[in-house]
Structures are given as structure tokens and as C-alpha cells.
Amino acid sequence: MNIRSEREIKLMKEAGHINFLAHKEMEKYIKPGITTKELDKKIRDFIVSHGAIPSCYGYEGFPANACICVNDEVVHGIPGNRKLKNGDIVKLDFTVKKSGYESDMTRTYLVGDVDPRIKKMVEDTEQALYEGIKVVKPGARVGDIGYAISKYAHSHGLSVVEELVGHGIGTDMHEDPEVPNYGKKGTGIVLKEGMVIAIEPMLNLGKRNVVLLDNDWTVVTEDGSPSCHFEHTVCVTKDGYEILTGE
Ligand code: MF3
Ligand code: CO
Ligand code: CO
């Protein structure tokens with residue numbers, strides 16, 4: 001497990017802040033009619049104009065700057081000519097690298113008027129992320145995070161995708177440890193001051209099962225139900241946590 005110095009955490013916070021600002025900026029463009037490819041370009045332009053790198057591009061051959069998923073798409077959606085329409089939900093998941101350090105953040109956005117049940121699911125998934133973040137402190141365990149997230153998800157009628165997990169992050173986008181969105185309290189790696197992890201619940205309105213599409217990237221729900229995803233990059237501090245992908 002990598003322990004990051006104060007200097008490294010400061011750099012990750014710079015990357016994370018640009019990531020946060022890019023997400024904020026995208027709120028302006030998420031409207032019926034825009035294509036996911038157009039959103040991808042806006043994201044790239046914003047990141048580059050802030051002196052940073054959209055590091056998803058080319059990662060294991062990924063062909064775009066952001067993973068963009070609509071409705072039943074869970075992760076790794078490839079931007080294209082699909083137009084957003086009223087009532088959709090769209091998830092923007094991208095990394096920003098600056099001065100050699102990564103940040104990873106995801107938000108789910110509403111497109112126009114969304115079914116109240118789906119809107120509720122979006123709110124509940126964001127809260128599930130914060131339930132996971134709240135347990136982060138030195139001495140807590142990775143299993144405590146997954147326990148908190150899955151407990152909240154299940155008590156709000158949502159299922160937890162298990163095939164994809166959060167992760168350590170630093171000079172690489174994906175580092176140890178894995179951070180599952182399920183787990184038992186008191187199990188798994190012990191968190192220490194200076195560790196940085198990406199916590200990212202992916203919750204479904206239907207069953208938890210997912211399938212991989214023929215493009216070998218995009219994961220969708222098997223039953224076609226909507227899926228929701230929020231992610232922050234979080235640092236373990238002396239007495240708790242700090243969200244690095246924030247204001
Ligand atoms: N940002 C994703 C995550 O949360 C990873 C994207 S990998 C890519 O871990 F290749 F699709 F960019
Ligand atoms: Co991500
Ligand atoms: Co991630």
C-alpha cells in the first residue's frame with residue numbers, strides 16, 4: 001500500500017480539484033440532444049486548458065477521455081453518437097492527471113425530467129458514497145467501507161454491483177488495495193494516514209448482475225435496469241479523511 005507524502009497529497013488535490021471543476025462545468029452541457037462524444041470533447045478541452053491530462057485516454061487502449069454511461073450502462077461506456085434524451089441519466093467517470101498524480105471522480109447527472117424513482121436512486125447512490133467515505137480514518141478497514149455502502153444501498157432498495165470495485169490511486173490510476181462496495185466490518189486492509197483511495201459505489205435499481213458488451217469495455221445491467229455511479233478520490237488523514245476531488 002502506498003503512503004503519500006504531504007507534497008504528493010497536495011499534487012493529488014490539485015488534480016482532484018480540476019476533476020471537480022470539470023464535472024461542475026459539464027452541468028452546463030447535459031441537455032437532451034447533446035451526444036456523448038460532444039461531452040467527451042468538452043471534458044478533454046476543459047482538462048487540457050487547465051494544464052492537466054485526461055489520463056483515461058489510451059489507458060489499456062481506452063479510446064476516449066471519459067467513460068460515459070447512459071441508463072443501464074454501468075461502467076466504461078465509450079462516447080459516441082448517442083444523443084442524450086429527456087429522462088435519461090448519464091454518468092461521467094474520468095481521471096485527471098497533473099504533475100504525475102492522478103485523481104478519479106464520477107457523478108451521475110439527470111437529463112431533463114427524470115422518473116422520481118430513478119431520481120431517488122441517484123440521490124441514494126450519492127449518499128451511499130458518503131456513507132462509505134465517512135468511515136475512513138486510520139485503523140478502519142477496507143471491509144468497513146464496503147459494509148457501510150452495501151448496508152445503505154440495500155436498505156434503500158438498491159443492489160450492489162460486485163464485479164467492479166474502488167481502488168488505491170496515486171501515480172497510477174489503479175493501485176492496491178481493491179475497495180469493494182460490499183464487505184464485512186473489521187475485515188480487509190487496515191487504512192493508514194497518507195493512503196489515497198477511490199471509493200465508487202455502482203448501484204442498480206434491479207438485480208445486481210451485469211454483463212460485458214461485445215466492445216469488451218462497456219458493462220451493462222443484465223436486466224436492463226438503470227445503474228448509478230458516484231466516485232471520489234479520498235485521502236486518509238491523521239484523524240479521518242479528506243476528499244481530494246472537491247472544491
Ligand atoms: N475511472 C475508472 C475507474 O473508476 C477507470 C477507467 S479505465 C478507462 O476506475 F480505461 F476506461 F479509462
Ligand atoms: Co473513475
Ligand atoms: Co475509480
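In each ligand, atom 1 is the first atom listed, and ligand 1 is the first ligand listed.
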For the Co ion (ligand 3), the closest N/O/S atom belonging to Glu231: OE2
Intermediate values then yes/no, salt bridge (Lys or Arg N to Asp or Glu O under 4.0 Å), Asp144 and Arg141: CA-CA 5 Å; Asp144 301 344; Arg141 287 167 172 257; over 6 Å; no
Side-chain ion pair, Arg107 and Glu231, N-O less than 4.0 Å: no
Atom 3 (C) of ligand 1 [closest protein heavy-atom partner, distance rounded to 0.1 Å]: Asp104 OD2, 3.2 Å
Ligand-side contact atoms (ligand 1) for residue partner Glu231, heavy atom cut-off under 4.0 Å: 4 (O)
Path from Val122 to Tyr152 over hydrophobic side-chain contacts below 4.5 Å: no
Note: Asp124-Lys120 ion pair, threshold 4.0 Å (strictly below): yes
Atom 2 (C) of ligand 1: the protein heavy-atom neighbour that sits closest, reported with distance to 0.1 Å: Asp93 OD2, 3.3 Å
Angle subtended at the Co ion (ligand 3) by OD2 of Asp104 and OE2 of Glu200, nearest 10°: 170°
Cluster check Leu129, Ile149: I/L/V/M/F/W/Y, side chain < 4.5 angstrom: yes
Region of Tyr59 that comes within reach of ligand 1 [heavy atoms, distance under 4.0 Å]: both
Any N, O or S atom of His167 closer than 2.8 Å to the Co ion (ligand 3): yes
Lys/Arg-Asp/Glu bridge criterion (N-O < 4.0 Å) met for Glu73, Arg82: yes
Sub-4.0 Å heavy-atom contact, Glu200 with ligand 1: yes
Atom 11 (F) of ligand 1 - nearest protein heavy atom and its distance: Cys67 SG, 3.2 Å
The one among His76, His174, Glu102 that brings a heavy atom closest to atom 9 (O) of ligand 1: His174
Parallel, tilted or perpendicular: rings of His174 and Tyr59 (30°, 60°): perpendicular
Those atoms of ligand 1 less than 4.0 Å from some heavy atom in Trp217: 10 (F), 11 (F)
Ligand-side contact atoms (ligand 1) for residue partner Cys56, heavy atom cut-off under 4.0 Å: 12 (F)
Check against side-chain hydrogen bond (donor to acceptor under 3.5 Å, both in side chains), Asn2 and Glu175: CA-CA 8 Å; Asn2 289 310; Glu175 299 184 357; 2.8 Å; yes
Whether Tyr57 lies under 4.0 Å from ligand 1, heavy atom: no
Metal site the Co ion (ligand 3): N/O/S of Asp93 inside 2.8 Å: no
Salt bridge Glu242-Lys13, side-chain N to carboxylate O under 4.0 Å: yes
Pairing of Arg4 and Glu193 as salt bridge, 4.0 angstrom limit: no
Ala198 to ligand 1, any heavy atom closer than 4.0 Å: no
